[in-house]
Every structure is written in structure tokens, then in C-alpha cells.
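Just so we're on the same page: letters track the sequence lines, and every chain starts at 1.
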Amino acid sequence: MPELPEVETVRRALAARLVGRRLTGVEARRPDLRKALPRDLATRLVGRKITGIERRAKYLLLNLDDGHVLIAHLGMSGRMLLYRKPPPPGPHDHVILGVDDGTVVYFNDARRFGLMTLADQSELDRHPLLKDLGVEPLGPGFNAQYLRKALKNRVTSIKAVLLDQHVIAGLGNIYASEALFRAGISPRRRARSLSPDRLARLATAIRAVLNEAIAAGGSTLRDHRQPDGELGYFQHNFTVYGREGEACPGCNCNVAATGGIKRIVQAGRATFYCPRRQR
DNA sequence: AACAAGACCTGCATGC
DNA sequence: TGCATGCAGGTCTTGT
């Protein structure tokens, strides 16, 4: 499911219900996620108060009152679901967290590409999962100049680089295609060949599409749910993603003549674009 | 160092 | 209906 907007949507909903609450019950039902759950996860969590919930790239960071951080990643299919009255747990409900006002959180992840682990707050910057991440695209360090430096030696396609979490932390496959469309840049172009002008347009497009997607609660194709069970709605605003063969909304070209939006595969991932509007 | 390809795991849509 | 195939929002590892 989740790229930055989906994770941010989940973060906000969890923060509203869980910050200031104390964990009263923790059940690790299935430890073999992408990374094995810590054996003592439940012991270390019960009794702790959640003091804040942050996001770094696609990671959720739950700060605890003992100086530890619960790091969670949703992988491709992960959900965090909030309940007042939880249903009987299903086969993909891997971790269950209960807090002191009766709220229960299910960490559900059919494909088990997600993970949960504990880290020291004071060493978070050096944590193996986080230490090599690039800038936050919605943060102050992200602009055309950053991109110019980061892409200087990159000979691969701009699309592949946008997915590189060492460069931009949190952008994923959907929003990379959407941002390139908005910026009018071909996903096949070599990263280092982009002019400063076009990099500025790209940075603006990335920020805009991410902010709009967050405002819509993210995109639900299959798996994404907001923690209250609500869907995301930004998929209705996709201009190119998943729209192979459809008319490009940005040019007046005749679909029958041009083939419309094209789907290609780059670095093993599907890319969607309009070959006429994106150069 | 940078890059491409494969691996991880499950569910779903499609086609025969 | 059943079965095979391909595909999916991500990341990590391996080999070049």
C-alpha cells in the first residue's frame, strides 16, 4: 500500500488516538515479518506511555516514555486499524496493541513485507533502517538545489532515482509517476541531464502531489485503509498511474492515433507516462 | 559507487 | 470450477 501520503495519513490518525496513552496489553501473534519481531516486544512495551508519533520516510516512529522508539513499516500491504471493540483477530493481524482508554490497534499485513522493531531514541539517526535515508520531500531541505547535487552523477532514469530512498525519503511508485507527469518530464530521461529549471519544476510537483494526496487520505488501490477503516481517495485524481491506454488529461491528442498513456517497466517497477507531454 | 535483477509473501484478477 | 500466470503501494541482497 503505502507511500509517504498513506503513511502520513496513518500517522495522524494514530497520533490523535494514542499520544498520551499508556500501553496496557501487547500481543505478538506472528513474529516472522520482514524482520523478525523482537522476542521481548510485549514485555518492553507494556506499561509504556506513547509520548509522540512521528514519520520518517515510510516509517512510523512511536516515541515511548522510557527513551525507546517503536519503529513500524507497513511494507506493501500493511494497515494500522483502530478499534473500540476489536473483532476476533484474523490470520494477518500480526501485532495487537491495547492502551489505557480501551482503544485497540491491529497491525495487519497480509504480505508480511512490513516490520516492527524497537530502537533507542538517542541513537535513532544511526539506526540501520534510517541512517541512509535522503531528505523529506515535504521538509525544508528539499528543493531544486538539493536535487541538482543528488542527481549530479546519476546516469540511470529519473524515475528510478525518485524511488531511491537515499535520495528522496518516502516517494514511491505511484507518486513518482504522477510527479513526473505534472513536471512534464519523461521518466526515461537520465537523472543528471535535467536542467535546474526542470528540477525546480520537479521539486514543486513532488511537494504538490504529496500534499494533495495527504489531504485526500492517501490512495486506496487494494490495501490502504485509514486507521478508522476509511478508504483513501486520491486514486480518483491519478493522471497517469494505472491509466495505460487512456487519454492524457494534459494534451488534446487523439487516443486512437497515439495510444494514449503508456506503461513501461523501469527497474522492475511499472511506470506510466504520456510520451507527448513528458520529454 | 551505481545499477539491474532477483528474492521475500500473499491475494486477486485474468485467461484457459 | 480449477488451475496457471501475472501483477501489486517496498526494500534488501547479490552480482556485475
Next item on the list: Starting from the C-alpha separation in whole Å, work towards a yes-or-no answer on salt bridge (charged side-chain N to carboxylate O under 4.0 Å, His left out) for A:E178 and A:R182.
Entry: CA-CA 6 Å; A:E178 292 294 320; A:R182 289 181 184 219; 5.2 Å; no
Notebook entry, point to check: Passes side-chain contact (heavy atoms from CB on, under 4.5 Å), A:D65 versus A:R22? Steps please.
Noted result: CA-CA 9 Å; A:D65 64 354; A:R22 201 171 286 281; 3.3 Å; yes
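OP1 or OP2 of C:dT11 lies within a sub-4.0 Å distance of a side-chain N or O belonging to A:H73. For C:dG10, neither phosphate oxygen OP1 nor OP2 lies less than 4.0 angstrom from any side-chain nitrogen or oxygen of A:Q165.
Going from atom CG of A:N153 over to atom C1' of B:dC3 covers 14 Å, rounded to whole Å. For A:Q266 and B:dC3, the CD to C1' distance is 13 Å, given to the nearest whole Å. Atoms NE2 (A:H166) and P (C:dG10) sit 15 Å apart, rounded to a whole Å. Atom-to-atom, CD of A:Q235 to C1' of C:dA8 comes out at 15 Å; the value is rounded to the nearest Å. Rounding to whole angstrom units, CG of residue A:L163 and C1' of C:dA8 are separated by 14 Å. One can place CD1 of A:I71 at 19 Å from P of C:dG10, the figure rounded to the nearest angstrom. Distance CZ (A:R269) to P (B:dC3): 17 Å, rounded to an integer number of Å. Going from atom CG of A:D109 over to atom P of C:dG10 covers 13 Å, rounded to whole Å.
Within the 4.5 Å cutoff, the side chain of A:I206 has heavy atoms near those of the A:F142 side chain.
When heavy atoms are screened at a 4.0 angstrom cut-off, A:Y59 is found touching the sugar-phosphate backbone but no base atom. A:T220 comes within 4.0 angstrom of a base, heavy atoms only. Among the protein residues, A:R192 comes within range of no part of the nucleic acid, since none of its heavy atoms lies under 4.0 Å from any strand. Residue A:A160 is out of contact with every strand shown, counting any heavy-atom pair closer than 4.0 Å.
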Check: Which string of ( ) [ ] | and . matches DNA chain C, if you list each base 5' to 3' and count Watson-Crick or G-U pairs only when both distances are under 3.5 Å?
Finding: .|||||||.|||||||
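Rounded to the nearest Å, the gap between the P atom of B:dC9 and that of C:dT14 is 15 Å.
Under the side-chain contact (heavy atoms from CB on, under 4.5 Å) test applied with A:L45, the options A:D66, A:L97, A:D40, A:I50 reduce to a single match, A:L97.
A distance-only check finds a donor-acceptor pair linking the side chain of A:E3 to the backbone of A:N173 [under 3.5 Å]. With hydrogens and angles disregarded, a donor-acceptor distance shorter than 3.5 Å links the side chain of A:Q226 to the backbone of A:L231. Remark: side-chain polar atoms of A:S157 are not paired, donor with acceptor, to backbone N or O of A:R188 under 3.5 angstrom.
Remark: A:K58 NZ to A:Q165 CD distance equals 4.0 Å, nearest 0.5 Å.
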Notebook entry, point to check: How does protein contact run along nucleotides 5-13 of chain B, one letter per nucleotide 5' to 3', with B for base contact, S for sugar-phosphate only, - for none, heavy atoms under 4.0 Å?
Noted result: ---BBBS--
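Looking at the side chain of A:L129, the nearest of the listed nucleotides C:dG10, B:dA4, C:dC12 is C:dC12.
Other residues, nucleotides and ligands contribute at most 12 non-hydrogen atoms within 6.0 Å of the CZ atom of A:R39.
Taking the ring axis of A:Y106 as reference, the NZ or CZ atom of A:R79 does not stay both within 45° of it and closer than 6.0 Å to the ring centre.
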